[in-house]
Participant: 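Right, I'll just put the structure down here and ask away after.
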Amino acid sequence: MRTQVAIVGAGPAGLLLQQLLHVAGVESVILEQRTRDYVESRIRAGVLEQGTVRLLEQVGVDARMRAEGLVHDGVSMAVDGRRFRIDLKGLTGGDSVMVYGQTEVTKDLIAAAEARGAPVIFAASGVALGGVEGDRPFVTWRKDGREERLDCDYIAGCDGFHGICRASIPPALIQGYERVYPFGWLGILADVPPCHHELIYATHERGFALASMRSASRSRYYIQAPVDEDLAAWPDARIWDELALRLGPEAAAGMARGPSIEKSIAPLRSFVAEPMRWGRLFLAGDAAHIVPPTGAKGLNLAASDVCFLSQALITRFRDGSEAGLDGYSARALARVWKAERFSWWFTGLTHRFPDMDGFSRRMQTAELEYIRGSRAAQQAMAENYVGLPLSGG
Ligand code: FAS
Ligand code: PHB
């Protein structure tokens with residue numbers, strides 16, 4: 001088998017990259033280790049930046065998002081129960097965010113691949129890379145008891161944090177930068193109306209909480225919890241009680257309770273690998289970097305990476321120029337690090353750290369109260385939250 005670009009991973013990065021290449025006439029094949037059902041059932045991100053929305057429009061995969069997604073012009077913060085709103089639209093000259101689950105984005109992109117005959121090979125096990133440092137790279141895998149091989153011109157490593165692509169790069173050629181947080185997020189999904197029409201990020205003596213949503217009838221909530229916590233210690237009633245305390249009385253009054261249809265704990269880390277390239281292999285999305293979900297940047301960084309990578313690959317196949325490919329890592333990392341900073345800052349500002357002393361807690365409170373009262377501080381937050389421009393780096 002042969003194609004121009006072999007893509008490892010059918011998450012948002014791989015699927016969006018395939019569509020961006022497809023609409024420009026560049027062929028690709030995606031190799032995904034999991035089944036389609038598994039990929040389409042994962043519950044993850046919920047907020048799309050304007051740039052991500054525009055990319056989905058660019059590849060014609062925005063119809064259901066437009067019909068079912070929720071445009072949010074603002075977001076609220078609650079500090080020990082006292083709430084204030086950040087006017088995203090007013091503070092950014094008109095930008096907002098789209099609340100539309102990553103699960104739905106994934107389903108829409110897979111449906112587009114199927115409709116356009118763009119190959120996605122699911123249940124591909126033992127994916128391995130070859131020839132990456134030469135000019136004839138290839139990927140091998142096993143499926144239905146057969147060994148398979150795909151020859152290509154370039155490989156896009158879109159296989160997430162635990163994938164094989166970054167791990168295939170010789171350690172001497174790549175450098176990781178990491179911060180692991182001493183807590184996780186316990187998330188629940190419930191078919192109850194959200195407690196508020198916009199998201200609420202809450203910081204409280206007891207810890208962080210987030211009230212989000214997937215639709216007017218489906219809520220997504222998170223509370224900061226020990227990362228090694230046993231989910232059995234968190235029956236629904238305890239989670240609802242904790243959310244009511246941390247989100248504050250206004251939210252608690254509007255909070256509909258119901259059975260969780262999904263419950264999980266995710267660890268939090270900041271991580272960046274440099275460079276995002278090795279020979280003919282280019283990393284994109286979680287394969288290259290991870291952010292704590294506080295800033296809602298993970299999925300959106302995957303989108304900006306593949307925006308830059310698709311532009312570089314399309315130029316290469318159209319004009320023969322490798323300038324875009326040579327500049328990809330630096331261009332992507334320039335935007336990645338800014339999102340890493342915002343996510344790290346927002347996490348440090350709103351979470352309770354075990355080793356936090358009284359002074360640190362008062363610094364948090366002082367900064368939160370400064371943001372409550374400062375248009376300039378809120379504007380800085382708003383422009384990061386809606387997403388920094390895709391144009392530059
Ligand atoms: P993904 O991890 O989504 O996709 C990688 C794909 O590669 C997967 O389908 C995987 O099966 C496949 N793969 C892995 N190894 C492979 C191999 N060896 N061979 C073939 N395929 C392989 N972000 C937010 O913004 N907000 C959130 O609330 C949020 N919550 C999250 C919760 C969890 C539990 C996790 C893990 C992540 C969360 N994220 C969140 C971040 C998440 O949304 C990612 O940023 C986003 O999925 C990145 O997309 P990809 O880079 O495509 O990676
Ligand atoms: C979500 O709805 O899953 C979500 C929203 C905002 C975040 C993180 C997660 O910052």
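Computed from a prediction, not measured in an experiment: that's the story for all the values here. Heads up: numbering here begins at 1 and tracks the sequence. Counting starts at 1 for both ligands and their atoms, in listed order.
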Participant: Would Ala266 count as being in polar contact with ligand 1, using the rule that some N or O on each side must be under 3.5 angstrom apart?
Facilitator: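 No, no N or O pair falls under 3.5 Å.
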Participant: Check the angle between the aromatic planes of His351 and Trp185 and answer parallel, tilted or perpendicular using the 30° and 60° thresholds.
Facilitator: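 Correct class here is parallel.
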Participant: Just checking, any donor-acceptor pair under 3.5 angstrom between side chains of Thr347 and Thr294?
Facilitator: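 Yes.
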Participant: Just to confirm my output: which protein heavy-atom neighbour is closest to atom 42 (C) of ligand 1, and how far is it?
Facilitator: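 Result for atom 42 (C) of ligand 1: Gln102 OE1, 3.7 Å.
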Participant: Any donor-acceptor pair under 3.5 Å linking the side-chain atoms of Asp95 with those of Gln50?
Facilitator: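 A pair is found: one side chain offers a donor N or O, the other an acceptor, under 3.5 Å apart.
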Participant: Looking just at side-chain N and O atoms, do Asp108 and Tyr100 make a donor-acceptor pair shorter than 3.5 Å?
Facilitator: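 Note: Asp108 and Tyr100 side chains meet the donor-acceptor criterion.
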Participant: Specify the protein heavy atom at minimum distance from atom 28 (O) of ligand 1: its residue, its atom name, and the distance to 0.1 Å.
Facilitator: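 Scanning the protein heavy atoms, the shortest distance from atom 28 (O) of ligand 1 goes to Tyr222 OH, 3.4 Å.
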Participant: Kindly say whether Ile164 contributes a backbone atom to a donor-acceptor pair with the side chain of Asp159 at under 3.5 angstrom?
Facilitator: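 Yes.
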Participant: Taking atom 19 (N) of ligand 1 as the point of reference, which of Ile265, Val127, Ile121 owns the nearest heavy atom?
Facilitator: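 Answer by nearest heavy atom: Val127.
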Participant: State the atoms of ligand 1, each with its element, that fall below the 4.0 Å cut-off from a heavy-atom position in Ala296.
Facilitator: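 Under 4.0 Å from Ala296, ligand 1 has these atoms: 25 (O).
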Participant: Under a 4.0 angstrom heavy-atom cut-off, which atoms of ligand 1 come close to Arg34?
Facilitator: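 The atoms of ligand 1 under 4.0 Å from a heavy atom of Arg34 are 11 (O).
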Participant: Identify the closest protein heavy atom to atom 24 (C) of ligand 1: which residue and atom is it, and at what distance?
Facilitator: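 Closest protein heavy atom to atom 24 (C) of ligand 1: Ala45 CB, 3.2 Å.
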Participant: Gly11 heavy atoms, cut-off 4.0 Å: which ligand 1 atoms fall inside?
Facilitator: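 This gives 4 (O), 6 (C), 9 (O), 52 (O) as the contact atoms.
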Participant: For the side chain of Asn300 and the backbone of Thr52, is there at least one donor-acceptor N/O pair under 3.5 Å apart?
Facilitator: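 Looks like no, no N/O pair under 3.5 Å.
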Participant: For Asp73, does its backbone N or O pair with a side-chain atom of Ser96 as donor and acceptor, under 3.5 Å?
Facilitator: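 Side chain of Ser96 to backbone of Asp73: no pair is present.
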Participant: Check whether any N or O atom of Asp286, backbone or side chain, sits under 3.5 Å from an N or O atom of ligand 1, and answer yes or no.
Facilitator: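 The answer is yes, given that Asp286 and ligand 1 share an N or O pair closer than 3.5 Å.
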Participant: Do Arg335 and Ser304 have side-chain N/O donor and acceptor atoms under 3.5 Å apart?
Facilitator: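 Side chains of Arg335 and Ser304: pair found under 3.5 Å.
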Participant: As an exercise, identify every atom of ligand 1 less than 4.0 angstrom from a heavy atom of Leu31.
Facilitator: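 Once the distances to Leu31 are compared, the set is 20 (C), 21 (N).
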Participant: Under 30°, 30 to 60°, or over 60°: which ring-plane class applies to Phe183 and Phe353, parallel, tilted or perpendicular?
Facilitator: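 If you compare the ring of Phe183 with that of Phe353, the planes turn out perpendicular.
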Participant: Sequence neighbours excluded, which residues qualify as side chain to side chain contact (heavy atoms under 4.5 Å, CB included) partners of Ala256?
Facilitator: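 With sequence neighbours excluded, Ala256 shows a side chain to side chain contact (heavy atoms under 4.5 Å, CB included) to Val192, Pro193, given in chain and number order.
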Participant: Which option wins on minimum heavy-atom distance to atom 52 (O) of ligand 1: Gly9, Gly46, Ala123, Ala13?
Facilitator: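 Closest candidate by heavy-atom distance is Ala13.
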Participant: Can you see whether Glu340 engages Trp345 through a side-chain donor-acceptor pair at a distance of less than 3.5 angstrom?
Facilitator: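 The criterion, which ignores hydrogens and geometry beyond distance, is not satisfied for Trp345 and Glu340.
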Participant: In ligand 1, which numbered atoms sit nearer than 4.0 Å to a non-hydrogen atom of Gly285?
Facilitator: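 Answer, ordered by atom number: 51 (O).
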Participant: Note the single closest protein heavy atom to atom 35 (C) of ligand 1, along with its residue, its atom name and the distance in Å.
Facilitator: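 The protein heavy atom lying closest is Arg44 NE, 3.3 Å.
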Participant: So which heavy atom in the protein is nearest atom 14 (C) of ligand 1, and how far is it from that ligand atom?
Facilitator: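 So the nearest neighbour among protein heavy atoms is Asp159 O, 3.1 Å.
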Participant: Under 4.0 Å from any heavy atom of Ile164, which atoms of ligand 1 are there?
Facilitator: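 Taking each heavy atom of Ile164 in turn, ligand 1 has 18 (N) under 4.0 Å.
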Participant: Could you check whether atom 39 (N) of ligand 1 has a protein contact, counting only heavy atoms that fall below 4.0 angstrom?
Facilitator: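 It does not: no protein heavy atom is found less than 4.0 Å away from atom 39 (N) of ligand 1.
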Participant: Has ligand 1 got any nitrogen or oxygen that is less than 3.5 angstrom from a nitrogen or oxygen of Pro293?
Facilitator: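 Pro293 vs ligand 1: no N/O contact under 3.5 Å.
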Participant: Regarding Trp141 and Glu32, is there a side-chain donor-to-acceptor distance under 3.5 Å anywhere?
Facilitator: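 Result is no, nothing qualifies.
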Participant: Would you tabulate the polar-atom pairs, meaning N/O of ligand 2 against N/O of the protein, with distances under 3.5 Å, reported to 0.1 Å?
Facilitator:
| residue | atom | partner | partner atom | Å |
| --- | --- | --- | --- | --- |
| ligand 2 | 2 (O) | Ser212 | OG | 2.6 |
| ligand 2 | 2 (O) | Arg214 | NH1 | 2.7 |
| ligand 2 | 3 (O) | Arg44 | O | 3.4 |
| ligand 2 | 3 (O) | Arg214 | NH2 | 2.8 |
| ligand 2 | 3 (O) | Tyr222 | OH | 2.6 |
| ligand 2 | 10 (O) | Tyr201 | OH | 2.7 |
| ligand 2 | 10 (O) | Pro293 | O | 2.7 |
| ligand 2 | 10 (O) | Thr294 | O | 3.1 |
| ligand 2 | 10 (O) | Ala296 | N | 3.4 |

Participant: Decide yes or no for Arg166 and His289: does some side-chain heavy atom of the first lie under 4.5 Å from some side-chain heavy atom of the second?
Facilitator: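 No. Closest side-chain heavy atoms not under 4.5 Å.
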Participant: Can you name the atoms of ligand 1, numbered from 1 with element, that are less than 4.0 Å from a heavy atom of Val8?
Facilitator: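 With Val8 as reference, the close atoms of ligand 1 come out as 19 (N), 20 (C).
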Participant: For atom 49 (O) of ligand 1, find the nearest protein heavy atom and state the residue, atom name and distance (0.1 Å precision).
Facilitator: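 For this ligand atom, the closest protein heavy atom is Pro12 CD, 3.4 Å.
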Participant: Taking atom types as modelled, find out whether Glu229 and Trp234 have a side-chain donor-acceptor pair closer than 3.5 angstrom.
Facilitator: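 A pair is found: one side chain offers a donor N or O, the other an acceptor, under 3.5 Å apart.
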Participant: Do me a favour and list the nearest non-hydrogen protein atom to atom 12 (C) of ligand 1 with residue, atom name and distance?
Facilitator: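 So the nearest neighbour among protein heavy atoms is Glu32 OE1, 3.2 Å.
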Participant: Find all atoms of ligand 1 within a distance of less than 4.0 Å from any non-hydrogen atom belonging to Arg42, and give their numbers and elements.
Facilitator: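 In order of number, 8 (C), 9 (O), 10 (C), 11 (O).
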Participant: Nearest protein heavy-atom contact for atom 20 (C) of ligand 1: which residue, which atom, what distance?
Facilitator: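 Here the nearest protein heavy atom works out to Gln33 N, 3.3 Å.
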Participant: Between ligand 1 and Cys158, can you find any atom pair, the residue atom being a heavy atom, that is separated by under 4.0 Å?
Facilitator: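 Cys158 counts as a contact of ligand 1 under the 4.0 Å cut-off.
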Participant: Is Asp357 reaching over with its side chain to a backbone N or O of Phe359, donor-acceptor style, under 3.5 angstrom?
Facilitator: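 Between the backbone of Phe359 and the side chain of Asp357 there is a qualifying donor-acceptor contact (under 3.5 Å).
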Participant: State, without any angle test, whether Tyr222 and Arg220 hold a side-chain donor-acceptor pair at a distance under 3.5 Å.
Facilitator: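 Side-chain D/A pair, Tyr222 to Arg220: present.
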Participant: Does a donor on one side chain sit under 3.5 Å from an acceptor on the other, for Arg352 and Gln364?
Facilitator: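 Their side chains do not contain a donor-acceptor pair, so the 3.5 Å distance test is not met.
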